[in-house]
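Below: the structure, in C-alpha cells.
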Amino acid sequence: MVAAGCGSSGGTGTGSGSGPAGTSILDVATTAAVTTWDPVKSFSTEVYYLANVYEPLLWANPPGAAERFRPGLAVSWRRSADAKTWTFRLRSGVTFHDGSPLTAAAVKQSILAVKDRGGASFLWSALDRIETPDEQTVVFRMSAPTEVDVAASSMYGAWIVAPRALAAAARDERWFERGRDAGTGPYSIAEYTPGKQVVLRAYPGYWGASENGGAFRTVNVQIAADAVAQQQMLQSGQVDIASSLPLENVAQFEHDDRFAVEVCESSLSYLGFFNTTRRPLDDPKVRRALALALPYDEIIDVGAEGFGTAARGPVPKGVFPYDEEIPASAQDLAEARRLLAEAGHPNGGFTLRLTYAAENDQQKQFAPLIKDALAKIGVKVTLSGKLFNQQWEEAKGDPRKAQDIFLLLYWPTASDAGSDNLATLFRSSERPFFNLSYWRSATYDRLVDEAIGLTATDRDGAQRLYTRAMRLLIDEAPGIYLYDVRRPVVVAKGLTGLECNPNYSFNLFFHELGTGAA
C-alpha cells in the first residue's frame, strides 16, 4: 500500500539533542507504529523507518521530472522491446550493514523472498526467473510485459537485504523483530522501544556518505499517536519535525518565525467501501444515490481542514493512470433522492453501520458529516470507531456479518495506481483482502487485467482501458471516493529545502537533510 510525501534537504536541529549548525542529532515525532522489522514482510507504517535503512534498485522521481526514475542501487538499466527482459547493472562499492558486499546474488535472493512471502508480492507476480550472469548484473525474465522499473522503485517490494539476514530469518521468523537490520541504507536501527521510540544511527560505510546531506548521525524518533502531543513537542523544542499535527492548528505555525510549513501533494487518498453483498447495497442505484448524497466540499473543508482535493475515483492526482476526464466527486441531493425512489426506497428507510479507524483524526472528523448527509435522504447511519486492526479483521471475515460502509486511507505501493489501487481495491478476489466492497465485475476485471498487460508496451492504450474501468467504478459505485490528501509538513526553521514526491508519500529521507541557515 503504499508511498514520497516529502523528502528534505538542508537544516539545523533545534530539538533536545540538537544545537548549532553542524549538529549530528535530529529529533522527530511521528505516529508511525512498527508492525514488523522484517523488510520482506513489511506492508505498514514502519516504512517511515525502513526507507532510511534499506534501498531499492531505483528511485521514482516526482511527477513532471524529466526522467521517471533515477539510480538507486542500480546505476543503469535497460529493457527488451517486448518489456519481458530487464537488465540492471549494480552500483559498485556498496556494502550491507553487516559488512558484506552488494552482489547480484543478494538482489536475486531479496526479490525472490518478496515474491514468495512479501507484503507486496503482487508486484512480482509476472516474474518468471532471475539470472545473475556476473556479480554486478541482474536480469529479470518476466512471463508478460511488465514495468519492472516501477516494481524496482517501490517501497515494500524492492528493498535489497543482506543474504545472511535472509537466511537467519528463514530459520527464525523473529530474527528481525529483535531490532536487527540488514540494509544498505544510510541508517541502521540502533534502539527500539515498542510504541515509544526508534533510534536510527548513521551507517559509517554508507556508499552515499560523500554526497550532499548526511548531517545527522543520529535520528531520535518519538512515536506519539496524539497529534496535540506532537504539536506540544514541536513548539517546546523537543523535536525538529512533527509528521502529524492537528490540521486545524497548522495555520499557527505559518505565522511563527520558528517554523517552516510545506504543503505536499501526496498519493494518499480517503475512500469508503459499500458492502455489496447485502440488501439494499447490492443495488447499484442505491449505492450511487448514497455516493451523490455526500457533502464532499464540506468533508474537505471541515473534516480535512482544507488539506485535500476532490477525488476523481480511487486514483490520486499525479499518479498513473489519473485522468482529469473522470468526474470529481460532488454532491447532488436531488439526484440521490430520485435514484433511491427508482430503487424502491422513496424515503430511504434503512439503517447502515459505518466503521472507521478510531486512531485516524481525519476519519473521526468527517464520519459524522457522512451520517448527517445520509439522514437528509432518509438513511440512518450508526458510527463505529474501532482500532484499524480490529476494523480490518472484521471486514476480512464473513461479509454477511461485516460492516455496511468501511472508511479507508490508502496509498499505492509503487508509482502505478492502476496495477495497485484499481486492481487491489476493486478487482474480484476469492477471499476479502483489500476489496472490502466484496464487489465482483467480470467486465471490470477484464479491463484492469488488459491494462496491466499493456502498460509496459502501450501506456496510452493502457490509460484508455483504465479510464473505462474508472468510469465503471463511478457508475456501479462499489465505493465512495472522498478526497486526495494534501499533507502539511511542519519543521523547525533551520530545516530547509523540503521536496515533495508523491511516490513516497509516507516518508522522510533523513540522509537528505543537511545543515543550512536558519
*Kindly give the heavy-atom pair with the smallest separation between G461 and L454, and that separation in Å.*
C-CD1, 4.0 Å
_Ring-ring centroid check Y192 W37, cutoff 6.0 Å_ = yes
*Just by modelled atom types, is the A105 backbone N or O under 3.5 Å from a matching donor or acceptor in the T132 side chain?*
no
*Roughly how far apart are L73 CG and W59 CH2, rounded to 0.5 Å?*
8.5 Å
*Are R427 and D449 ion-paired here, with the side-chain N under 4.0 Å from a carboxylate O?*
yes
*Determine the sole option in F366, Y410, F406 for which the ring-ring contact (aromatic ring centres under 6.0 Å, His included) test with Y270 is passed.*
F366
*Does F273 have its ring centroid less than 6.0 Å away from the ring centroid of F426?*
yes
*Could you tell me the separation between the CG atom of L166 and the CH2 atom of W175, rounded to the nearest 0.5 Å?*
9.0 Å
*asked:* Can you confirm whether Q197 is buried at CD, in the sense that more than 12 heavy atoms of other residues, nucleotides or ligands lie under 6.0 Å from that atom?
replied: yes
*asked:* Using side-chain heavy atoms (C-beta onward) and a distance below 4.5 Å, is L482 in contact with L407?
replied: yes
*Would D128 and M142 count as a side chain to side chain contact (heavy atoms under 4.5 Å, CB included) if you check the C-alpha gap in whole Å, the side-chain angles of each, and the deciding distance to 0.1 Å?*
CA-CA 5 Å; D128 182 36; M142 313 303 289; 6.0 Å; no
*Is N52 reaching over with its side chain to a backbone N or O of L508, donor-acceptor style, under 3.5 angstrom?*
yes
*Crowded around R468 CZ? As in, over 12 foreign heavy atoms under 6.0 Å?*
no
_Under 3.5 Å donor-acceptor, S143 side chain and A126 backbone_ = yes
*For R178, does the CZ atom have more than 12 heavy-atom neighbours from other residues, nucleotides or ligands under 6.0 Å away?*
yes
*asked:* Restricting to non-hydrogen atoms, name the atom on T457 and the atom on D82 that form the minimum distance, rounded to 0.1 Å.
replied: CG2-O, 3.9 Å
*Stepwise side chain to side chain contact (heavy atoms under 4.5 Å, CB included) check, F274 with I405*: CA-CA 5 Å; F274 292 127; I405 304 174; 3.9 Å; yes
*Looking only at non-hydrogen atoms, find the nearest pair between D420 and A414 and report the distance.*
OD2-N, 4.1 Å
_Sub-4.5 Å side-chain heavy-atom contact between E476 and S441_ = no
*side-chain hydrogen bond (donor to acceptor under 3.5 Å, both in side chains) against T467, all qualifying residues, sequence neighbours excluded*: D323, Q463
*Check step by step if side chain to side chain contact (heavy atoms under 4.5 Å, CB included) holds for V250 and F307.*
CA-CA 10 Å; V250 170; F307 291 105; 3.9 Å; yes
*asked:* I'd like to know if R91 and E55 make a salt bridge, using a cut-off of under 4.0 Å between side-chain N and carboxylate O.
replied: no
*For the residue pair Y203 and H97, categorise the inter-ring angle as parallel (less than 30°), tilted (30 to 60°) or perpendicular (more than 60°).*
tilted
*Short side-chain to backbone donor-acceptor contact, D98 and S100, under 3.5 Å*: yes
*Got a donor-acceptor contact below 3.5 angstrom from the Y49 side chain to the A32 backbone?*
yes
*asked:* Is there a side-chain contact between P316 and N421 in this structure, where contact means two heavy atoms from C-beta onward sitting under 4.5 Å apart?
replied: yes
_E67 atom CD, over 12 foreign heavy atoms within 6.0 Å_ = no
*asked:* Taking ring-ring contact (aromatic ring centres under 6.0 Å, His included) as the cut-off, I'd like each qualifying pair that reaches into residues 126-146, sequence neighbours left out, listed once.
replied: F88-F140, W124-F140
*Is the shortest heavy-atom distance from the side chain of V161 to the side chain of F176 under 4.5 Å?*
yes
*Would you mind reporting whether N503 and S153 have side-chain heavy atoms less than 4.5 Å apart?*
no
*For S42, enumerate each residue passing the side-chain hydrogen bond (donor to acceptor under 3.5 Å, both in side chains) test, keeping only those at least two apart in sequence or located in another chain.*
E46
*L473 to Y481 - nearest heavy-atom pair and separation*: O-OH, 3.1 Å
*Kindly compute the distance separating CZ (F433) from CG (L425), expressed to the nearest 0.5 Å.*
10.5 Å
*In Å, rounded to the nearest 0.5 Å, how long is the span from OG1 of T276 to CZ of R287?*
5.5 Å
_Determine whether a donor-acceptor pair (N or O, by modelled atom type, separation under 3.5 Å) exists between the side chain of R312 and the backbone of I326._
yes
_To the nearest 0.5 Å, what is the distance between OG1 on T146 and CZ on R79?_
10.0 Å
_Please give me the minimum heavy-atom distance between I480 and L294, naming the atom from each residue._
CD1-CD1, 3.6 Å
*Any side-chain heavy atom of M470 within less than 4.5 Å of one from L422?*
yes
*Taking atom CD1 of I241 and atom CG of L26, what is their separation to the nearest 0.5 Å?*
4.5 Å
*Has E135 got more than 12 heavy atoms of other residues, nucleotides or ligands less than 6.0 Å from its CD?*
no
*Test log, rule side chain to side chain contact (heavy atoms under 4.5 Å, CB included), inputs V150 and R68*: CA-CA 9 Å; V150 171; R68 289 179 63 199; 3.6 Å; yes
_D484 side chain vs A311 backbone, donor-acceptor pair below 3.5 Å_ = no
*Shortest non-hydrogen contact from A104 to D134?*
CB-O, 3.3 Å
*Please tell me if the side chains of D475 and P284 come closer than 4.5 Å, counting only heavy atoms from C-beta onward.*
no
*Are T45 and F506 side-chain neighbours, meaning at least one heavy-atom pair lies under 4.5 Å?*
yes
